[in-house]
Amino acid sequence: MKKFGTRVAALGLCLAMGATLSTGAFADVAAKPSTHKVTVNGEATEIQGYNIDGANYFKVRDLAEAIDMGLTWDAGTSTVGLETDKSYKVSDTQLLTGNWAPATRARIQSVIDEWANKGRYVVFDFDNTSVIFDVQEALLMYQISNLRFKFTPEQVKGILETGIESDQIDAVMGKTVDGADVKASALIADLTADYTWLYNNYEGLAGDKDLTYIHASNQYQDFEAKIRFMYDNMGDTFGHAVSYPWVTYLFTGMTPAEVQEMATESHKYWSTYGRYASEVVTSPLEMPGEAGVVSTSYITGVTFTDELRDLYQTLMANGIDVYIVSASPIDTILAANKSMGYGVPEDQVFAMQNKLGEDGTYINEYNYDWGGEGKYAQTQGEGKSTIITNFIAPKYDGAGPLMVFGDSAGDMNMMTDWMEAGDTELGVIFNRYRKPSSDPLTWEASVEASEHIGEADARFVLQGRDENNGCLRPSEYSIMLGDTEEVLVRPAPTE
């Protein structure tokens, strides 16, 4: 077995574009995307390279997978091993170290060791848990930017109104940049007019103008800002039951294969974007429309973390089944699962699902009947526990999950519903510094986790992340986007 020491091992830990390394000779050196390509037996691969101080580097795990070579990690000596006589396998019984908080890693490993090969399962959320940031929100911006839509101007109004009751159509969804009320009906009217123009002019739809021309138009800039503004304010205005599936209705007219293809493109685009930041979009002053001028923001960049892919594989290698239950659309998650290397069996992935029309394309209606009449649920909040109860637990004599991994209120039901019964031993919370006012359940669990760091029987553990560099941190503390100081949990609210 050929072994490589910690300098090489460090290259696999946190190399999101724009990140810096802090190990030995690489201290505080920026890592940028490399244009160099790798071929294996004369065939091109999709391995991402990194240029560090003028030299090109590749992750050891990526090279091992491409040439089908065994990969090991010895935590005691901080050594990566490449075994030329074995096939690629991320891990066997031990997690590769990566940027896990030591106590969090130890607690996860102890549960794996205790329950290996005993017929148990774990459940992961996806957005902001298995990946840093939100793949569907990233896909929305990718879809808008590339105008990847299949519906006609005549369908727009009905699609945008889906789930909104007729007596709520004039509900106020926020404020303009001047402080005026923005009504849902006004947004929908402006978006319908914008989309009609875009549809008739963009060469990818029914027109003859290219994207460069389209992007410079007021109609595109109005459409981009207002559809994102509407998405951002759906939940607060109409509730999560309306807002979560709403974005999936923009797939109307597409086949599942088309959505997965688009999602794969988006995942690869944003994972190599090279910058994690909050970008502001504002509709044109010259074109206020009925709604007025609005402004909103979105986050650039997505990281499909090595640590989570390692964990998935380690669990499966130890005979612990892995399930994903996500509030993003099913095709978005399936595309990430397949293209970004998570490797969970497709029938163990549950997410938002719309109905298909007779022509095999999506319609703007949620599919509560998938898997049996009325058995499916929206895969958020209580619905995640419903999915586990109806589709997963029956395979395990009705038992709940051994561990649940999540980040926010939408995951707390499935994280806690089976704890009292003793089925769920551990809840792993990816630390997004949640507010007690808006997410009290996650905040309370995070406080408990912070008070029991390192304890062998902790019910909850925290895992920190650095949002500016798109990577996990070897700590329970997180660094939030745009900030430099690390944070653990917010203080209790004062009366």
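It should be emphasised that the depicted structure is a prediction, and the values quoted were computed from it without experimental measurement.
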Trace of the salt bridge (Lys or Arg N to Asp or Glu O under 4.0 Å) decision for E467 with R465: CA-CA 6 Å; E467 294 187 350; R465 65 188 202 172; 2.8 Å; yes

Could you go through D466 and R473, starting from their C-alpha distance and side-chain angles, then the distance that decides it, and tell me whether this counts as salt bridge (Lys or Arg N to Asp or Glu O under 4.0 Å)? CA-CA 6 Å; D466 180 349; R473 302 184 72 233; 5.2 Å; no

Might you work through the side-chain contact (heavy atoms from CB on, under 4.5 Å) test for V131 and T305, ending with a clear yes or no? CA-CA 6 Å; V131 61; T305 63; over 6 Å; no

Begin with the C-alpha distance, continue with both residues' side-chain angles, and end with the deciding distance and a verdict on side-chain contact (heavy atoms from CB on, under 4.5 Å) for D423 and L402. CA-CA 6 Å; D423 292 346; L402 176 64; over 6 Å; no

Please evaluate residues R490 and R434 with respect to the criterion side-chain contact (heavy atoms from CB on, under 4.5 Å), reporting the C-alpha separation (whole Å), side-chain torsions for both, the decisive distance (0.1 Å), and the verdict. CA-CA 7 Å; R490 294 182 187 270; R434 305 302 284 174; 6.0 Å; no

Let me see the working for E346 and K338 under salt bridge (Lys or Arg N to Asp or Glu O under 4.0 Å), right down to the final yes or no. CA-CA 9 Å; E346 187 170 316; K338 180 179 179 181; over 6 Å; no

Please determine whether salt bridge (Lys or Arg N to Asp or Glu O under 4.0 Å) holds for the pair K384 and D411, giving the CA-CA distance in whole Å, both sets of side-chain angles, and the decisive distance to 0.1 Å. CA-CA 7 Å; K384 290 193 173 187; D411 307 314; 2.6 Å; yes

For a side-chain contact (heavy atoms from CB on, under 4.5 Å) check, start with the C-alpha distance between D321 and V122, then their side-chain angles and the critical distance, and finish with the verdict. CA-CA 6 Å; D321 294 336; V122 301; over 6 Å; no

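Within 6.0 Å of atom CD in E382, 12 or fewer heavy atoms from other residues, nucleotides or ligands are found, so the atom counts as exposed in its surroundings. By the neighbour-count criterion of 12 heavy atoms within 6.0 Å, atom CZ of F460 is densely surrounded, having more than that number from other residues, nucleotides or ligands. Atom NZ of K355 is surrounded by more than 12 heavy atoms from other residues, nucleotides or ligands within 6.0 Å. Remark: D359 CG is packed, more than 12 non-hydrogen atoms of other residues, nucleotides or ligands lying under 6.0 Å away.
Aromatic ring pairs are classed by plane angle as parallel below 30°, tilted from 30° to 60° and perpendicular above 60°; the pair Y298 and W270 is perpendicular. Aromatic ring pairs are classed by plane angle as parallel below 30°, tilted from 30° to 60° and perpendicular above 60°; the pair F304 and F126 is tilted. Using the six-membered ring where Trp is involved, F149 and F223 have ring planes that are perpendicular, over 60° apart on the 30 and 60° scheme. Ring geometry, Y323 versus Y396: the interplanar angle exceeds 60°, so the pair is classed perpendicular (tilted spans 30 to 60°). Taking the six-membered ring where the residue is Trp, Y362 and F251 present tilted rings, their angle falling between 30° and 60°. Taking the six-membered ring where tryptophan is involved, the planes of Y376 and W370 are perpendicular, since the angle between them exceeds 60° and thus also 30°.
At distances below 3.5 Å, not a single donor-acceptor pair connects side-chain atoms of T379 with backbone N or O atoms of F350. Between the Q155 side chain and the T152 main chain, a donor and an acceptor come within less than 3.5 Å of each other. Of the possible donor and acceptor atoms, none in the side chain of Q353 sits under 3.5 Å from a partner among the backbone N and O of N367. Between the side chain of S478 and the backbone N or O of N431 there is at least one donor-acceptor pair closer than 3.5 Å. The backbone N or O of D178 lies less than 3.5 Å from a partner atom in the side chain of T176, making a donor-acceptor pair.
At least one cation-pi condition fails for K226 and F229: the charged atom is not both under 6.0 angstrom from the six-membered ring centre and inside a 45 degree cone around its axis.
At a threshold of 4.0 Å, the pair K157-E161 counts as salt-bridged, since one of the basic side-chain nitrogens sits closer than that to a carboxylate oxygen.
Results of the side chain to side chain donor-acceptor pair (under 3.5 Å) test with Y276 over N469, N468, T303 single out T303 as the only residue that passes.
Nearest approach of D407 to T442, heavy atoms of both residues: O-CG2, 3.6 Å.
Side chain to side chain, Q260 and D331 meet the donor-acceptor criterion of an N or O pair below 3.5 Å.
Every residue meeting the side chain to side chain contact (heavy atoms under 4.5 Å, CB included) condition with N364, not counting sequence neighbours, appears here in chain and number order: I159, T162, Y249, T252. Every residue two or more places apart in sequence or in another chain that forms a side chain to side chain contact (heavy atoms under 4.5 Å, CB included) with E258 is listed here: K150, M254, T255.
Put simply, the side chain of S326 reaches to within 4.5 Å of the side chain of D127, judged on heavy atoms. The shortest distance between side-chain heavy atoms of V325 and D125 does not fall below 4.5 Å.
Atom-to-atom distance recorded for R432:CZ and L462:CG is 13.5 Å, nearest 0.5 angstrom. Rounded to the nearest 0.5 angstrom, I392 CD1 and T386 OG1 are separated by 11.5 Å. One finds the CG atom of D483 at 8.0 Å from the CE atom of M480 (value rounded to the nearest 0.5 Å). Note that the CD atom of Q463 and the CD atom of E476 stand 7.5 Å from one another [nearest 0.5 Å]. Note: S217 OG to K209 NZ = 10.5 Å, rounded to the nearest 0.5 Å. Here the CD1 atom belonging to I388 is positioned 9.5 Å from the CG atom belonging to N413, to the nearest 0.5 angstrom.
Aromatic ring centres of F124 and Y342: separated by at least 6.0 Å.
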